[in-house]
Amino acid sequence: RDFNERCAQCSEVNWGLTDGGRFYCRSCHNVTERTREVVNTDFISNTRIQTISKGLRKQEKTDGGCEWYVCEGFQLVLKRQAEALETLGVCPQMKDEILCNFWRRYLQKTKQAYCNRSAEETVKTFSVCDSSTDVDSEPERPSLLHLLSLSESEGDLQTDCSFASSISKVSESTSVCSGSVDGSLYLMKNRKEKLRMTMPMTLSFCYMALLWLREPMTLSDLLRFVVEGHIPYLNVFQHFPEKMKLYGLDLKIFCVESWPVYEEVYNKMLELAAFLDLPRFPDITDSCFLHPDMLCMKYLMEVNLPDELHNWTCRVVKKICIGEADFLTLVPGNKSTRNVKYDVLAAAVIVVVLKLLFLLDDHYEWLLSDFAEERNKNNKEGAPYFEFRKWYKVIKRSLDVKQKKLDEERAKYLWRCEKPLFYSAKKKSKVLKRRQMVVNLQNQFGKLSGSVQPAEKPNPSSFQLSWSEENTDGSCFHGHSLKGILQEKCGLLTAMNPDYWLCTVKLCNEKLCGHLAHYREVDFPQSYHFVLRLFSFLLRIQPSYIHDEVCVIEHKLFNKKLCKKPKYNTGLRK
Amino acid sequence: SPHEYKLNFKKSKEVCLSYIQDAMLQKQWKRAAEFLTFYIESLEKDFSTEYMGPSEMIWRIGTEILCHHSNSSMKEFNSFIEQMKTLGVKRYLKVCLEHAFHLLCNGLIDEAYQNLSLAESWRFGEQTAIQNKEMKLIQAYRGLLDYYSWCKQKNILLEHGQDGFEDLSVEQEMHSCFRKAAVNLKEIIKIPGVWDLFVKCYVDLLEFYGDHNEARQVLNEYAYNSKFPANPNAHVYLYQFLKRHGESKKSLISALKILHDIAPSHELMIDFNIMLQKSKKRKKRQLGLEVIFAALDYAGWKENVKAWSCLARQVKQIVISEKHLDWIKQEWNSRKDWWPAFHFSRYLAKRNWQENESLSYEKALVAGILLGKDCKYFKYVSHQGCKAQVKRFRILKKFVNKHNPVYLRISG
């Protein structure tokens, strides 16, 4: 409030702040271009900021609530997510500096456009509503049904139109339909502005911050933590302060009805980074967790493969130059380079290495395994030779168990939060009654479930599978040697396998069909499918994504051979 | 199987339902209950216009689980159903009706009656009119329970009557039950449908109170009104009524004729054949032959001694009189290709002789006439019979030998 200039219009010194942080003259409502940055990330009580919209202010809040804006809600969400990440071990910088700054920048970038228009929009809306003689402006009044259909979110919320008819005509202020001041405007906004904030986008923000800080958490890790409940996402709004009443269209904005999708979060992150005009991100070097050499090591350990395979992954990485900082580092807005999904990349490298060494054509790998088994009979000292068959049996067993558990968890996933939601005050009693019945029924059948212990949240862990060399049952393969499947040639150890088969001879045009390759289980060997399935489970993404990446790597690896002879079958000699 | 890593609300509930279904099919009730608890929250999103929404699912699944789960009690079941009643007004009467059925199956007749009465008095705007069918059923079943009470009162009265007691209150009670029952039963049987039990009870009431005309009308309607689905039982009831009241053979035969047309394997076909055989009219006797042959086309009659004896008697009578052999020829024409293997194989001859001498006797007679004395069945059975020195077999052998030429005329 240290702004002491005289107002250009009325010469008074009576300034207030719009929620966008701009100064306006209280006497004549003239808005200036001067802005005041929102400094703290806490929820700002409306008593300190006066809004410019006329009718809204008159809104009576008999339920003890206050006015709040949608972006404030998202701010709270981000704050909670950052805190959760800190609990998981992410450095505090993330919350206090990085994420905070990203968000501020986002607000600036969007609010600048938003603020102007919203003032006009709001004023316009109210002039429409206030003047009863304005018949032609009828169609501009947003009907609830219309607002619902505009939202991009999928799922049942779109079909919940039953309450639409019960909402009274939007002749009073639009905030009747939502607890937030701008809920309805938010959904109605011009669709050209693609970066309207959504719940999945909060995760994009988080990931962007993690990436900036080069934290040891991949996107698949992050999303897994979300699904497991370690990071607030589903029903996070129930922790909003009491004063922030949430109902009506707010639900459409803040209610989540699906697990976050890797591709969606990732792509939005790229869009966001470009939108915010961020510079080149800090370099991903070979000492970073996200570097393929590091991630490969982690994944190799996790899938119980011999450490020696790491040499091979590093060789592949080096050969196709995907270990370079320029390749790995994110440069926002750079459309010429293909952006890197670190986790998928590392998994794909391992798959390629397995193909190089074991061929994985449902035939050779078992032959090699028999061969290694034979050699193991005479190998009593030193590390045992790695046998593919043994590894397969152990991993398959564990994978099947985990997969089954995950499938059950999907069936048992609970979406509702403790705080009952309702779209309008009229529906409140009905919703509460329904909620009571649900609780009763859950209790009744819960008792009949037998002694089932309440599902405990699993402790957050970076490793989903772990193997210990102390196990005497020989189920840990980390220390096993690859000598069983290698041979000496010219003083170097090379793979006995001379062959290789390409997943695809030609890569698709990603822009045309959205994929680089098309994966169908039946078209490929079962061993290959098994390996894909394994990493698919670890990363919680469809096998086809990993397959795409494998295709790209193969094409880089065999680039020369592919360019030389265009007429190649899928078999290839190295 | 492809494992999905995406999930939304709708999909997760679909998956949950499939787990419930699997558990139920394997009778793992605890597991089914466990997964049901996770499904229940979909009630809060029950805005769907799907044919079968969450509330109906939960009602059906919950009922099944509570029926079979070892730890569940009737009390729990009732409390569950009461909640289900409040869930959907469109389903209210259906739930009430099924609840009543469940109570009846558990022997809780009074509770069932109370439920039905309560449901009957339910009013909910236009829903009452929309759920008209369920309402009619509720009234009908209540009427049925009134009939059941009536029976009880009647039996008490009869006992007391035997003991020389008179009981005015019981009698009044009985009459009041009758009135209540009659009103509702009469209503439901007006609607085209299969109402066997209701018809029987209503007719019983009418007969008791001497209203035979009404009873006959009801049964005629039930049997002959083309709007009603074809129902063998309707004709059986009518037949039994007519028989009870000493109606003419003509009307009895016409009642059974339709039964023969729609259910040729019905057990009453024996009675029918016997009646027809005795008739003076030629056409009726021929029909009798038709009827008995038709009944024996069915596997369930293969070892029915009475049926075979009817056929044997009629065939014998025709052969002796040497008149109307063409009747036999006509019936045998469509059967000569498959009856021999179906009824008269050597294996069956052995088995019938071992298990049931009378059966083999009757069949042997028929086989002997239709297939001649050299047929496997007749040869074996008559040989065995004569060997065992059973008199009638010797007579049989003589008879068939005497009339062997008949076979030639029939089969030709």
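Below, chains carry the letters A, B, ... as their sequence lines are ordered, and counting in each starts from 1. Model, not experiment: these values are computed from the prediction.
Both the backbone and the side chain of A:Val438 have a heavy atom closer than 4.5 Å to some heavy atom of chain B. For A:Leu223, no part lies under 4.5 angstrom from a heavy atom of chain B. In this structure, chain A has heavy atoms under 4.5 Å from both the backbone and the side chain of B:Phe80. Residue contact with chain A, scored on non-hydrogen atoms closer than 4.5 Å, involves the side chain of B:Ile65 exclusively. Residue B:Glu76 touches chain A through both its backbone and its side chain, counting heavy-atom pairs closer than 4.5 Å. The contact between A:Phe537 and chain B is made by backbone and side chain atoms together, counting heavy-atom distances below 4.5 Å. Heavy-atom distances place no part of B:Ser18 under 4.5 Å from chain A, backbone and side chain included. With a 4.5 Å cut-off on non-hydrogen atoms, B:Leu7 touches chain A through its backbone and its side chain both.
The aromatic rings of B:His99 and B:Phe77 lie tilted to each other, with the angle between the two planes from 30° to 60°. Taking the six-membered ring for Trp and thresholds of 30 and 60 degrees, B:Trp29 and B:His68 have nearly parallel ring planes, at less than 30 degrees apart. In this pair, B:Phe198 and B:Tyr141 present their aromatic rings perpendicular. The plane angle is above 60°, beyond the 30 to 60° band.
Among B:Phe124, B:Trp59, B:Trp122, the one residue that satisfies the ring pair (Phe, Tyr, Trp, His ring centres under 6.0 Å) test with B:Tyr92 is B:Trp122.
Salt-bridge formation is detected for the pair B:Asp146/B:Arg142: a Lys NZ or Arg NE/NH1/NH2 atom is positioned less than 4.0 Å from an Asp or Glu carboxylate oxygen.
Between B:Tyr5 and A:Tyr262, a ring centre-to-centre spacing not shorter than 6.0 Å is recorded.
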